[in-house]
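Input: a single structure, listed below in structure tokens.
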Amino acid sequence: MSNNAGRYDRFPADVGILALEVYFPRTVVSQADLEKFDNVPSGKYQIGLGQDAMAYVGDREDINSMCLTVLKNLIEKYNIDLKNIGRLEVGTETIIDKSKATKTVLMDLFKDSGNFDVEGIDTKNACYGGTSALFNAVNWIESSSWDGRLAIVVCGDIAVYAPGNARSTGGAGTVAMLIGPNAPLVLERGVRGSHHDNAWDFYKPDHTVEWPTVDGQLSNVCYLNALDNCFELYCRRYKAKEGRDFTLADVDFFAFHSPYNKLVQRSFARLIYNDFCNDTSKPQYSFLTKFASLKKNQTFNNVELDKALMEYSKPHYQAKVAPSTMLPKQLGNIYTGSLYSSLVSLIALKHEELTGKRILMFSYGSGLTATMFSLRVARSISPIAQKIDLKNRLAQRIKMDPAEFTKTLALRKDRVGQKDYVPAEATHDMFPGTYYLDRIDDKHRRFYKRKVAHTQQAKL
């Protein structure tokens with residue numbers, strides 16, 4: 001190991017994720033049903049996008065209520081003493097107020113504890129905000145500002161697109177993470193690589209609607225180019241720290257930001273191409289030799305290369321990537337929470353196998369900013385998987401008709417910017433313990449209530 005590793009010894013040990021919780025709404029629409037409703041070829045959304053279903057919310061839920069729900073559930077499930085929280089970071093791009101942060105709304109949950117000394121605010125850049133919030137929390141713990149308390153990160157979004165085929169790439173959900181030292185999910189120090197640039201691939205200039213302006217083809221190229229650059233930097237820093245080359249063989253599992261699953265498949269295949277470029281003599285990559293003379297930035301739309309990579313990567317994808325894709329395929333794109341919903345999936349499906357393993361994480365936000373970093377699983381995370389109870393909760397969702405889904409999004413569109421109203425939707429279909437918007441007054445102030453738990457659960 002390189003002597004560079006010793007410079008990290010002065011930091012608190014094993015800073016990372018102590019606990020996780022995920023929230024998703026109970027209402028969901030099937031991509032198969034949506035294909036029929038949209039009158040598109042069968043498989044366009046299920047195979048073309050790689051998606052199974054999409055979570056969505058009506059006018060009773062907004063980003064504040066969804067963050068309240070996931071944070072309260074985290075606090076209750078892990079019996080967190082809020083006096084021991086010194087930082088609360090929120091990552092979201094779902095903006096309902098151009099000044100007041102969602103973090104300030106979450107401080108309502110701290111009132112009974114008497115703890116108002118909680119640093120942190122919202123952070124925004126498309127889908128990257130959750131990762132920025134995580135890094136801010138970790139950096140605080142590893143800094144001279146740290147007072148010994150823990151941090152919490154909350155991230156997630158409501159993703160809505162304009163009517164048309166792109167609407168099938170929406171989603172809704174939030175994730176909360178407890179951050180501190182001696183964690184079971186440790187952020188590996190000194191090896192992350194980031195890439196930042198100015199691009200107009202996805203942005204939201206019109207504040208009268210929820211949906212973005214998107215250049216889908218450009219966004220895919222930006223994502224893959226950022227992936228290339230982040231992997232190159234990660235490899236370089238790994239070698240500087242560990243004193244040896246980094247290869248994909250050093251990774252046990254992968255988790256990607258997931259706008260839609262087909263891009264995740266392609267991204268993993270792209271990493272194999274990058275691994276080949278780092279050492280073209282590897283015998284397992286002999287099928288790529290004819291592509292060795294190509295420049296990376298000229299290969300993003302090379303159909304022959306993509307086909308060869310996708311075919312080779314299939315068994316490796318199933319073993320190392322697929323376990324992290326279950327929840328994103330069920331929820332859709334939850335923007336800032338997307339990467340961490342992938343991590344939740346991996347924990348839920350593979351928790352018994354993860355101890356001692358490395359998870360390579362790739363975070364991307366349009367506009368653009370991206371980072372590749374890694375987690376080391378220091379000890380059993382089965383207790384986290386048990387508390388998340390993912391499969392059981394997914395089975396309790398209510399499958400909605402696409403016509404009702406479309407009607408609900410039309411209602412949300414009409415509500416943008418309104419004041420002095422009570423939301424129209426009922427609360428009986430919500431999960432017990434869900435926070436919801438009770439009313440907005442004539443000054444645009446929002447007031448929330450929490451649904452009381454009950455025993456009746458509808459099935460998907």
Side-chain angles (χ1 to χ4, degrees), residues 1-9 11 14 16 131 135 185-196 223-257 264-300 302 305-306 308-321 324 339 343 346 353-364 370-378:
M1 181 180 291
S2 168
N3 289 333
N4 288 336
R7 65 192 175 106
Y8 302 108
D9 292 343
F11 296 120
D14 290 348
T131 296
F135 290 168
L185 289 160
V186 182
L187 270 75
E188 294 194 289
R189 291 175 173 139
V191 291
R192 72 188 189 213
S194 295
H195 180 74
H196 301 260
Y223 184 108
L224 295 173
N225 182 60
L227 181 75
D228 287 355
N229 284 281
C230 289
F231 184 72
E232 180 180 340
L233 284 171
Y234 184 96
C235 291
R236 187 187 307 167
R237 286 168 180 158
Y238 183 94
K239 185 173 183 178
K241 180 183 177 183
E242 302 294 339
R244 65 177 181 85
D245 290 333
F246 176 83
T247 74
L248 293 187
D250 293 305
V251 182
D252 300 290
F253 293 97
F254 296 79
F256 293 85
H257 167 59
V264 172
Q265 296 175 37
R266 191 179 176 197
S267 299
F268 176 66
R270 185 76 186 181
L271 285 184
I272 290 174
Y273 171 65
N274 276 273
D275 204 36
F276 160 73
C277 290
N278 286 347
D279 183 359
T280 58
S281 68
K282 292 177 182 176
Q284 68 268 34
Y285 297 149
S286 59
F287 71 100
L288 292 172
T289 303
K290 63 180 177 179
F291 303 106
S293 62
L294 298 178
K295 293 183 178 180
K296 278 188 186 179
N297 62 5
Q298 296 175 345
T299 61
F300 296 122
N302 188 310
L305 174 60
D306 277 354
L309 288 168
M310 292 291 281
E311 185 63 30
Y312 174 83
S313 68
K314 283 180 180 178
H316 308 286
Y317 174 90
Q318 288 302 319
K320 293 190 171 188
V321 186
S324 70
L339 174 61
L343 180 60
L346 181 60
E353 305 173 26
L354 288 178
T355 303
K357 305 298 186 182
R358 171 180 286 131
I359 306 167
L360 193 66
M361 310 275 287
F362 178 65
S363 181
Y364 176 82
T371 298
M372 183 169 287
F373 62 106
S374 51
L375 302 176
R376 175 175 54 83
V377 185

Does some side-chain heavy atom of [Y] sit less than 4.5 Å from a side-chain heavy atom of [X]?
X	Y	value
Tyr312	Leu288	no
Met310	Tyr317	no
Ser267	Leu224	yes
Tyr234	Glu188	yes
Leu360	Phe268	no
Phe256	Leu271	yes
Glu242	Asp250	no
Leu375	Val186	no

Can you tell me how far [atom2] of [Y] sits from [atom1] of [X], rounded to the nearest 0.5 angstrom?
X	Y	atom1	atom2	result
His257	Met361	NE2	CE	12.5 Å
Leu187	Arg376	CG	CZ	10.5 Å
Phe276	Gln284	CZ	CD	10.5 Å
Glu232	Asn278	CD	CG	7.5 Å

Which pair of non-hydrogen atoms, one from [X] and one from [Y], has the smallest distance, and what is that distance?
X	Y	value
Met372	Cys230	CB-CB, 3.8 Å
Leu309	Tyr273	CD1-CB, 3.6 Å
Arg237	Gly190	CB-O, 3.5 Å
Phe246	Val251	CZ-CG2, 3.4 Å
Ile272	Ser313	CD1-CB, 3.5 Å
Leu233	Ser194	CD1-O, 3.1 Å

Note to self: Given Asp245, which partner from the list Lys282, Lys239, Arg236 fulfils the salt bridge (charged side-chain N to carboxylate O under 4.0 Å, His left out) test?
What the structure shows: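 With Asp245 as partner, Lys282, Lys239, Arg236 yield a single salt bridge (charged side-chain N to carboxylate O under 4.0 Å, His left out), made by Lys239.
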
Item checked: Evaluation steps, side-chain contact (heavy atoms from CB on, under 4.5 Å), between Leu248 and Phe254 -> CA-CA 10 Å; Leu248 293 187; Phe254 296 79; 4.0 Å; yes

Notebook entry, point to check: Is any side-chain N of the basic residue among Asp252 and Arg358 closer than 4.0 Å to the acidic one's carboxylate O?
Noted result: no

Item checked: Arg192 to Phe135, cation-pi by 6.0 Å centre distance and 45° axis angle -> yes

Next item on the list: Indicate the ring-plane relationship of Tyr364 and Tyr223, choosing parallel, tilted or perpendicular according to the 30° and 60° boundaries.
Entry: tilted

Next item on the list: List the steps and the verdict of side-chain contact (heavy atoms from CB on, under 4.5 Å) for Lys296 and Asn274.
Entry: CA-CA 9 Å; Lys296 278 188 186 179; Asn274 276 273; 2.7 Å; yes

Note to self: Under a 3.5 Å cutoff, is there a donor and acceptor pairing between the side chains of Asn225 and Asn297?
What the structure shows: no

Check: Which residue, Thr299, Thr280, Leu305, forms the side-chain contact (heavy atoms from CB on, under 4.5 Å) with Phe291?
Finding: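 It is Leu305; the other options fail the test.
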
Notebook entry, point to check: Would you say Ser363's side chain and Thr371's backbone share a donor-acceptor pair under 3.5 angstrom?
Noted result: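 Side chain of Ser363 to backbone of Thr371, a donor-acceptor pair under 3.5 Å: no, none is there.
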
